[in-house]
Amino acid sequence: MKIIIGLGNPGKDYENTRHNAGFMVMDEIAKKCNLEFNKEKFDAYFAKGKIKGEDVVLLKPTTYMNNSGFALRACLDFYKETMDNVLVIYDDKDLPVGKIRLRQQGSAGGHNGIKSIMNCTQNQTFDRIRVGIGKDDRIPIIQWVLSKFRKEEQEDLQKAITQASEAAYYAIDHSFDKVMNQYNKK
């Protein structure tokens, strides 16, 4: 089983904000796989299906960003899965809009959603796709991540969402090393 979790904040107030880049990618994955987030389970919007012969669970936590790990922990416990079968998709202010970066381990880099996942799973080695949201040093980071993307960023944002969703889809039946080789060079 593969568990793909995209980080963000639930509700209309947060739609299309930078911090919801993970949710945006999850919506694209669900569309590509003909799945719908029509259930709530594990404190998350939930979709499950068979993709490429593999059982796949898609999660968008409703716990808000800072508590994302609770939703993932509940899902892992229910399915008796390990972090080896998890892919986390989230925003990264240190990447420009339009860029994605894949990695398998590392620190939270100041990202509270990733800190929560690390705390709840006691693990920092897991597959990740980071989606660039850029930054503006004149704007406090909390305001920045909760701001909407600018009109001139939309094309680059869509490119990153498409690439990240394609990488996640590819990761369903390929090793993450292969996925990184394929998508980190784009």
Side-chain angles (χ1 to χ4, degrees), residues 1-92 100 102-131 133 145-146 161 164-174 176 179:
M1 172 176 284
K2 188 78 166 175
I3 299 169
I4 304 174
I5 179 172
L7 306 189
N9 290 310
K12 293 265 184 233
D13 291 346
Y14 299 102
E15 282 182 5
N16 302 312
T17 60
R18 294 172 191 278
H19 228 11
N20 272 25
F23 276 15
M24 293 175 202
V25 174
M26 293 306 293
D27 290 339
E28 190 73 17
I29 295 167
K31 189 168 95 179
K32 183 178 193 71
C33 297
N34 294 315
L35 296 175
E36 288 184 41
F37 288 100
N38 55 6
K39 297 179 191 155
E40 271 196 61
K41 192 171 184 172
F42 314 120
D43 289 322
Y45 300 121
F46 171 89
K48 183 178 179 198
K50 204 164 245 336
I51 304 165
K52 300 180 180 185
E54 181 82 33
D55 286 326
V56 177
V57 169
L58 305 180
L59 292 177
K60 295 189 323 185
T62 56
T63 55
Y64 292 90
M65 183 64 77
N66 294 357
N67 292 315
S68 299
F70 293 107
L72 179 57
R73 178 81 266 161
C75 183
L76 287 169
D77 290 347
F78 182 84
Y79 288 112
K80 297 177 179 36
E81 281 295 341
T82 66
M83 289 299 285
D84 295 336
N85 295 314
V86 172
L87 172 59
V88 181
I89 303 169
Y90 62 101
D91 60 284
D92 187 332
I100 66 169
L102 290 71
R103 63 191 291 196
Q104 292 179 295
Q105 65 181 6
S107 73
H111 194 287
N112 289 332
I114 296 300
K115 283 181 194 172
S116 175
I117 286 174
M118 288 177 175
N119 287 336
C120 289
T121 64
Q122 293 299 296
N123 194 329
Q124 66 178 35
T125 304
F126 51 89
D127 300 341
R128 323 158 187 216
I129 299 175
R130 299 177 301 152
V131 179
I133 63 168
V145 298
L146 296 178
I161 289 170
S165 67
E166 288 172 357
Y169 187 78
Y170 190 67
I172 292 169
D173 63 347
H174 290 86
F176 206 67
V179 180

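Computation of the quantities below employed the complete heavy-atom set of this structure, encompassing side-chain atoms and omitting hydrogens, waters and symmetry-equivalent molecules. Treat the numbers as computed from the prediction; the structure is a model and nothing was measured.
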Intermediate values then yes/no, side chain to side chain contact (heavy atoms under 4.5 Å, CB included), Asp91 and His111 = CA-CA 9 Å; Asp91 60 284; His111 194 287; 3.1 Å; yes
Could you tell me which non-hydrogen atom of Ala71 sits nearest to which non-hydrogen atom of Pro61, and how far apart they are?
->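 Looking at all heavy atoms of both residues, the shortest contact is CB-CB, 3.9 Å.
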Grab the two heavy atoms, one from Leu59 and one from Phe37, that are nearest each other, plus how far apart they are.
->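 Scanning both residues, the minimum pair turns out to be N-CE2, 4.2 Å.
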Got [X] and [Y] here, is their nearest side-chain heavy-atom distance under 4.5 Å?
X	Y	answer
Asn9	His19	yes
Asn112	Tyr64	no
Ile29	Ile89	yes
Tyr45	Glu40	yes
Asn85	Ile3	no
Asn123	Thr82	no
Val56	Cys33	no
Leu35	Leu58	yes

Check: [Y] main-chain N/O paired with [X] side-chain donor or acceptor under 3.5 Å:
X	Y	answer
Lys52	Tyr169	yes
Arg130	Asp92	no
Glu54	Met1	yes
Thr62	Asp43	yes
Ser116	Gly69	yes
Arg128	Gly106	yes

Please say which of Gln124, Met83, Arg73 ends up in a side chain to side chain contact (heavy atoms under 4.5 Å, CB included) with Ile117.
->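 Only one option passes, and that is Met83.
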So, are Asp55 and Lys2 salt-bridged, with charged N and O less than 4.0 Å apart?
->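 Salt bridge flag = no for Lys2 with Asp55.
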Sidechain N-carboxylate O distance under 4.0 Å for Asp27, Lys31 =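 No, no charged N to carboxylate O under 4.0 Å.
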Would you call the rings of Phe42 and Phe46 parallel, tilted or perpendicular, where under 30° means parallel and over 60° means perpendicular?
->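 The rings of Phe42 and Phe46 stand perpendicular, inter-plane angle above 60°.
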